[in-house]
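A short write-up of the structure that comes next.
Chain letters run A, B, ... following the sequence lines, proteins first, then strands; residues in each count from 1.
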Amino acid sequence: MCVLLFNTELKLFVCVLYFAKSVELTGVKEEQAVAVTTPISSRDLWGLLVQRHPRLSLLQDQVVLAVRQQYVAIGDQSVTLGDGDEVAVVPPLSGG
Amino acid sequence: MNACQDENPMDSLCHVSCQMDQSEERKDVFKLSRDWLSVQEVVDAVNSPTCGAVSLFIGTTREDQVDGRKVIGLEYEAYELMAQSEFRKLCGDLRARWPSVTHVCIHHRLGWVEVGQASVVMAISSPHRHDGQQAIQHAVTQLKATLPVWKKEVYDTKDSSWKQNVECPWSSHSQLAALSEREMSN
């Protein structure tokens with residue numbers, strides 16, 4: 001008998017950018033080679049970042065992410081990440 | 001469509017030319033600058049012999065009082081790459097709503113902006129004034145809602161706080177408004 005196991009979860013590395021308040025909370029503006037899995041829910045991706053920088057939790061409910069320069073709300077939404085992708089932590093905007 | 005690379009290390013320039021079926025190429029010009037903004041430069045970027053109107057918005061840093069502290073200036077930062085793509089989407093939205101809009105130019109400051117200085121200058125040209133005036137109002141709102149730019153108010157007491165636009169869907173004001181709306185409808 002042959003049993004096929006499909007590993008549908010890939011591990012790869014992304015670059016994470018921090019802006020505004022999140023820079024003050026983490027002490028960093030950019031992190032290279034952050035290990036993530038794909039696909040991943042935006043909530044889990046956020047959770048991964050909070051695990052790295054617990055003070056980010058202060059932004060809870062007032063933050064979204066950007067993946068490949070597209071806004072992604074924190075929630076059940078599934079995100080597909082590619083190796084070397086750019087992820088950003090996006091506090092409430094205040095341009096203009 | 002073609003985009004220019006940075007011409008000046010101080011500025012981040014995105015210059016997109018759209019070939020429409022009119023005789024004139026329509027321009028969407030975006031610049032992030034650490035230097036003071038020139039209103040004339042923004043106006044010149046949208047001027048056109050086919051346009052009878054240039055609609056202009058200048059956002060300036062206001063001397064606000066917050067809890068007895070006086071604002072002395074604003075510190076701006078941006079997710080530059082994404083600001084350029086969001087600008088392009090903003091222009092696409094404007095042009096879909098007001099097809100007569102000819103050229104669009106937005107210059108936005110980065111870094112330190114003293115009270116009284118311009119933080120953002122926007123100009124839109126159109127054959128007639130109605131569309132341009134409507135478009136610029138919408139553009140200001142959309143910029144505040146979508147452009148990945150942040151400003152920190154700096155006070156005379158030397159402390160500071162990051163601002164949140166009410167237009168931004170994930171700001172605390174936005175969520176309070178949504179919450180009270182739900183409570184009122186119950």
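- The minimum heavy-atom distance between Glu86(A) and Leu81(B), with the atom names listed, is OE1-CD2, 3.9 Å.
- In the displayed structure, Asp159(B) atom CG is contacted under 6.0 Å by more than 12 heavy atoms of other residues, nucleotides or ligands.
- Under a hydrophobic clustering in which Ile, Leu, Val, Met, Phe, Trp and Tyr are joined whenever their side-chain heavy atoms come within less than 4.5 Å, directly or via other members, Tyr155(B) and Val113(B) fall into different clusters.
- Crowding of Arg52(A) atom CZ: a count of heavy atoms from other residues, nucleotides or ligands under 6.0 Å exceeding 12.
- Pairing each heavy atom of Pro92(A) with each of Cys168(B), the nearest pair is CA-SG, 4.0 Å.
- For Leu147(B), the part lying near chain A is the backbone, with the side chain staying farther off; criterion is any non-hydrogen pair under 4.5 Å.
- Rounding to the nearest 0.5 angstrom, the gap separating the CH2 atom in Trp162(B) from the CD atom in Gln62(A) is 15.0 Å.
- At least one donor-acceptor pair closer than 3.5 Å links the side chain of Trp170(B) to the backbone N or O of Val90(A).
- Val87(A) and Phe13(A) are members of different hydrophobic clusters when ILVMFWY side chains are connected at heavy-atom separations under 4.5 Å.
- Summarising the local packing, CD of Gln65(B) is surrounded by more than 12 heavy atoms from other residues, nucleotides or ligands at distances under 6.0 Å.
- For chain B, the nearby part of Leu17(A) is the side chain; its heavy atoms alone come within less than 4.5 Å.
- Side-chain heavy atoms closer than 4.5 Å link hydrophobic residues (I, L, V, M, F, W, Y) into clusters, and following such links, possibly through other members, connects Leu59(A) to Leu65(A).
- Val46(B) and Val140(B) are not part of a single hydrophobic cluster, where members link through side-chain heavy atoms under 4.5 Å apart.
- In terms of non-hydrogen atom pairs under 4.5 Å with chain A, the most contact-rich of Val120(B), Ile106(B), Thr146(B) is Thr146(B).
- Counting non-hydrogen atoms of neighbouring residues, nucleotides and ligands closer than 6.0 angstrom, the NE2 atom of His128(B) reaches no more than 12 such neighbours.
- A distance-only check finds a donor-acceptor pair linking the side chain of Tyr76(B) to the backbone of Gly96(A) [under 3.5 Å].
- For chain B, the nearby parts of Gln70(A) are the backbone and the side chain; heavy atoms of each come within less than 4.5 Å.
- Both Leu90(B) and Val149(B) belong to a single network of hydrophobic side chains, linked directly or stepwise wherever heavy atoms of I, L, V, M, F, W or Y lie under 4.5 Å apart.
- Interface remark: Ala78(B) contributes backbone atoms only to the contact with chain A (heavy atom separation under 4.5 Å).
- Side-chain atoms of Tyr71(A) and Glu86(B) form no donor-acceptor pair, as typed in the model, at a separation below 3.5 Å.
- A salt bridge is defined here as a Lys NZ or Arg NE, NH1 or NH2 lying under 4.0 Å from an Asp or Glu carboxylate O, and Glu77(B) with Lys29(A) fails to meet this definition.
- No side-chain heavy atom of Met82(B) sits under 4.5 Å from any side-chain heavy atom of Phe19(A).
- With contacts defined as side-chain heavy-atom distances shorter than 4.5 Å, the pair Lys21(A)/Trp150(B) does not qualify.
- Chain A forms the most heavy-atom pairs under 4.5 Å with one residue out of Ser119(B), Pro148(B), Ser161(B), Ser85(B), and that residue is Pro148(B).
- For Lys151(B), the parts lying near chain A are the backbone and the side chain together; criterion is any non-hydrogen pair under 4.5 Å.
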